Amino acid sequence: MDVQMKRGILDGLVLSILKRGDTYGYELTEQVSRTIDISEMTLYPVLRRLEAQGFLGNYSMEINGRLRRYYTITPSGLTKLDDITLELKALRQLIDHMIGEEET
């Protein structure tokens, strides 16, 4: 699969998980891993990039004496997720057409 396509799918997956609620990096990796084979080492640069683009925010919370960084989706992130969703739906229609499974 094309690197840019994987990147867009991974961005969409991260944003869709965070749309359901804030979570921390390890838990986010666990949720993403249920769909795509990914490691924490791969996910953290994605989180930093999405944050730098204004699609994510973060805050820290103390849990059992340790600070844990939680990620949250921003309004811009919600808009980006909508854009990704529309692009994926269009791609799905194209693929369905190409393989002869058009919706009626």
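Predicted model only: the values in this text are computed from it and were never measured.
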When hydrophobic residues are tied together by side-chain contacts of less than 4.5 Å, even through go-betweens, does M61 share a cluster with L56? no

Please determine whether residues I9 and I84 belong to a single hydrophobic cluster, defined as Ile, Leu, Val, Met, Phe, Trp and Tyr linked transitively by side-chain heavy-atom distances below 4.5 Å. yes

Heavy-atom pair of closest approach, residues [X] and [Y]:
X   : Y   : result
T23 : Q31 : OG1-NE2, 4.3 Å
N58 : T72 : N-CG2, 4.3 Å
S76 : G54 : CB-O, 3.6 Å
Y71 : E51 : CE2-OE1, 4.1 Å

Test side chain to side chain contact (heavy atoms under 4.5 Å, CB included) applied to L81 and D11, L18, L15, L86, the passing residue: L15

Given L13, L43, V14, V46, the one that forms side chain to side chain contact (heavy atoms under 4.5 Å, CB included) with I38: L43

Can you tell me how far [atom2] of [Y] sits from [atom1] of [X], rounded to the nearest 0.5 angstrom?
X   : Y   : atom1 : atom2 : answer
Y44 : R69 : OH    : CZ    : 9.0 Å
K80 : F55 : NZ    : CZ    : 5.0 Å
L10 : L50 : CG    : CG    : 8.0 Å
S60 : R66 : OG    : CZ    : 12.0 Å
D22 : E27 : CG    : CD    : 12.5 Å
I17 : R34 : CD1   : CZ    : 8.0 Å

What orientation do Y70 and Y59 show, parallel under 30°, tilted 30 to 60°, or perpendicular over 60°? parallel

Sequence neighbours excluded, the answer for side chain to side chain donor-acceptor pair (under 3.5 Å) partners of Y26 is E30

